[in-house]
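Whatever order the structure lists them in is the order used to number ligands and atoms, beginning at 1.
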Amino acid sequence: MRYIDITMPLGPGTPVYPGDPPVIMEPISAPDGGDRYALSRLSLGTHAGTHVDPPAHFVPGGATVEALPLEVLIGPALVAEAAAGQPVEAATITALPVAERLLLRTGGAPLTEGAARALVARGVRLVGVDGLSVAPDERPGPVHHILLGAGVVVVEGLALAGVTPGAYTLICLPLRLEGGDGAPVRAVLAPGGDAATLTRWAL
Ligand SMILES: [Zn+2]
């Protein structure tokens, strides 16, 4: 089995959403060949690099990251190409095969509110994008509220360049941060999700 890593490398060079804290890895000690060992202090925002948005990110009192169901974070997923550089419209979503998990190569472009509503209407339970936000930077609220309010898991900052559109199995595991409003994930695709399982949940 050959897995495809769709996780952004996480380090000082990782791009972060405007205004978010940078990723800092500060060495605390270094090995000396004897009993001393390497250890670093890690400082980062909960939405650094490839990460998940739980409902609590926008919905007051919403579920936090450790409550996201593993059954949604792991399973058959469709990788699809959306018009690169243009906001993704509802028509793009409705033209795609129905899938419980949908990863969109948008070239960093956001979804429109119509696209978010179309995802909810189609029963999508997880949507992932390659941009650092699923919503337009100037007005992030509505798209997040539509998706997170409906319990759709949002994954942002996926490294999808070079991934051939098609059916895969997604494994996307966030850090189990207690009360987390988001968390970095390690996301990988295994080839060979089959079309029957893709549509099973959403019919
Ligand atoms: Zn986020």
Closest to the Zn ion (ligand 1), which N/O/S atom of E156 is it? OE1
Considering only N, O or S atoms of D53, the one closest to the Zn ion (ligand 1): OD1
So which heavy atom on V23 is nearest to which on G11, and how close? CB-O, 3.3 Å
Check this for me: does any side-chain nitrogen of one of R105 and E81 sit under 4.0 Å from a carboxylate oxygen of the other? yes
Using the side chain to side chain contact (heavy atoms under 4.5 Å, CB included) rule, pick out the option among V127, V154, T46, V65 that qualifies with D53. V154
Under the criterion side chain to side chain contact (heavy atoms under 4.5 Å, CB included), which of L102, V153, V72 is the partner of R125? V72
ND1 (H47) to the Zn ion (ligand 1) to NE2 (H51) angle, given to the nearest 10 degrees: 90°
